[in-house]
Amino acid sequence: MAHPNIPANRPAIHRLFTLLFGDWLSVLLTVLSLGIVIGLVPAFNWAVLDAHWTVASPGECRAGGACWAFISAKLNFILFGLYPPEEQWRAIIVVIVIVMLVLATLSPKMWGGRLLVLWAAGIAVMLVLMNGGILGLAYVPTSKWGGLPVTLLLAVLSLGLAFPFAIVLALGRRGSLPVMRNVSIFIIEIVRGLPLVGLLFVAAILLPLFLPPDWTIDKLGRTLAALTVFAAAYLAEVIRGGLQGLPSGQIEASQALGIPYWRMVWHIVLPQAIQKVIPPLTNTAIVMVKNTALVLIVGVFDMLSAARSAATDPAWPGPSTEAYLFVAGIYFVICYGIAAYSRHLEAGINSRNHS
């Protein structure tokens, strides 16, 4: 498609020159882009041209350049943390199961009761594999769980458990019952008014003090509870926005036809409300995936914690930059995948609505 300010009959070189230097804004953007490219040249040299991909000993990385050999040497530790090396095949299967469940969820044809059953069975299988103690599997306490499986489990479980609570809170805040509405508003505003770090500390340190003496919840479970409460409050506000965008005539027509309230909500109200708020729902999911990195402050050994611990190995000369870049790349792939699927789903819904 031709630029609106460039005549189509000009030679290609003239069109390119006009595009890059046709006005002061184009000149400014061109110079700024060149400056960014020139500024990235040293980083490219460090990361690629001068990098050490394989080394005979860690000391060879002292010559300069990125030490990607460190990632190869510490890959299992970064991905699986303190999980016993001889049992890491179980953690690999857990990651594969999560990916397969997510891929199954991508198809709208799978949405419904069977998808819930599939997720419930998959979560049960994952917890059995990670924990062990049955079916001949060695028991692995949650204090030994770590790395990528913990990051994915916390993200998936917190969002999955939070969504039903978010729907109830959103419906309660939009409802006509004063008690339910005020309780929903109180919960949502309290949680949204607190930083996630504070909720994590409350769950990790203060929650055990309020439980009966014979009740114990391990650190990973308390962290999951904090992430679930946090996600539920933010998802509730997103869903409430979708509910507000629905025409009141549909609800009134459903009531006039005598459709039961919960059936009306499940089959008429929620599908339309969720379609309207796919972008903010996606944004909340991405934020929750990234928020799992904060669990390191309460001692949960997630992927970022494993990378941070691996970078303290004195045998390797300062590999913290490479470790953090590697973990950042994994987070980017996950979050970009969520965003790309959201765009695809939104485009499909818009095309169906216009057809």
Side-chain angles (χ1 to χ4, degrees), residues 79-84 87-168 200 203 207 216-232 234-236 266 270 274 281-282 284-293 295 298 300-303 330-331 333-335 337-338 341:
L79 292 181
F80 306 114
L82 299 175
Y83 207 82
E87 302 292 336
Q88 287 182 357
W89 62 270
R90 291 153 54 179
I92 295 174
I93 293 178
V94 167
V95 174
I96 294 174
V97 170
I98 292 177
V99 173
M100 292 177 63
L101 288 173
V102 171
L103 291 177
T105 309
L106 297 183
S107 174
K109 297 179 181 179
M110 291 291 295
W111 296 354
R114 60 178 178 176
L115 183 61
L116 294 178
V117 173
L118 186 63
W119 268 101
I123 290 172
V125 170
M126 289 187 288
L127 293 179
V128 168
L129 284 172
M130 290 295 292
N131 196 67
I134 59 174
L135 302 177
L137 298 174
Y139 171 70
V140 180
T142 56
S143 59
K144 296 290 185 181
W145 297 13
L148 182 60
V150 168
T151 296
L152 294 178
L153 282 172
L154 287 176
V156 169
L157 292 179
S158 62
L159 288 169
L161 294 174
F163 204 78
F165 292 110
I167 291 174
V168 172
L200 289 172
L207 182 59
T216 56
I217 302 177
D218 61 23
K219 188 180 297 183
L220 187 63
R222 297 195 298 269
T223 301
L224 176 61
L227 291 173
T228 300
V229 171
F230 187 83
Y234 280 85
L235 288 173
W266 184 254
L270 280 180
I274 292 176
L281 282 176
T282 303
T284 304
I286 291 174
V287 168
M288 288 306 302
V289 170
K290 294 188 293 184
N291 279 343
T292 58
V295 301
V298 292
V300 176
F301 210 72
D302 72 319
M303 185 168 53
I330 295 178
Y331 274 107
V333 170
I334 295 173
C335 295
I338 296 174
Y341 172 66

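Residues take their numbers from the sequence shown, with the count starting at 1.
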Give me the atom names and distance for the closest heavy-atom approach of [X] to [Y].
| X | Y | answer |
| --- | --- | --- |
| A293 | D302 | CA-OD2, 3.5 Å |
| P149 | M130 | CB-CE, 4.0 Å |
| C335 | V289 | SG-CG1, 4.1 Å |
| A232 | A166 | O-CB, 3.5 Å |
| R222 | A203 | CD-O, 2.9 Å |

Heavy atoms, side chains only, cut-off 4.5 Å: are [X] and [Y] in contact?
| X | Y | result |
| --- | --- | --- |
| T151 | I330 | no |
| M126 | V156 | no |
| F80 | L148 | no |
| W119 | T105 | yes |
| F163 | L281 | yes |
| L152 | I334 | yes |

message: Run the side chain to side chain contact (heavy atoms under 4.5 Å, CB included) test against I96 and tell me which residues pass, sequence neighbours left out.
response: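 Expected list: I92, M100.
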- request: Output all residues satisfying side chain to side chain contact (heavy atoms under 4.5 Å, CB included) with A138, sequence neighbours left out; order by chain, then residue number.
  value: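 So A138 forms a side chain to side chain contact (heavy atoms under 4.5 Å, CB included) with E87, R90.
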- prompt: Do you see a donor-acceptor pair shorter than 3.5 Å between the side chains of T142 and D218?
  reply: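 Checked: T142/D218 side chains pair up, N/O donor to acceptor below 3.5 Å.
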message: With a sphere of 6.0 Å drawn around OH of Y331, does it hold more than 12 non-hydrogen atoms of other residues, nucleotides or ligands?
response: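 More than 12 within 6.0 Å, yes.
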Chi angles and distances behind the side chain to side chain contact (heavy atoms under 4.5 Å, CB included) call for L220, L153: CA-CA 10 Å; L220 187 63; L153 282 172; over 6 Å; no
- prompt: Between V300 and T292, does a side chain to side chain contact (heavy atoms under 4.5 Å, CB included) hold up when you go through it step by step?
  reply: CA-CA 10 Å; V300 176; T292 58; over 6 Å; no
- request: Mark yes or no for whether Y83, through its side chain, and V140, through its backbone, hold a donor-acceptor pair below 3.5 Å.
  value: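 No, because the side chain of Y83 does not come within donor-acceptor range (under 3.5 Å) of the backbone of V140.
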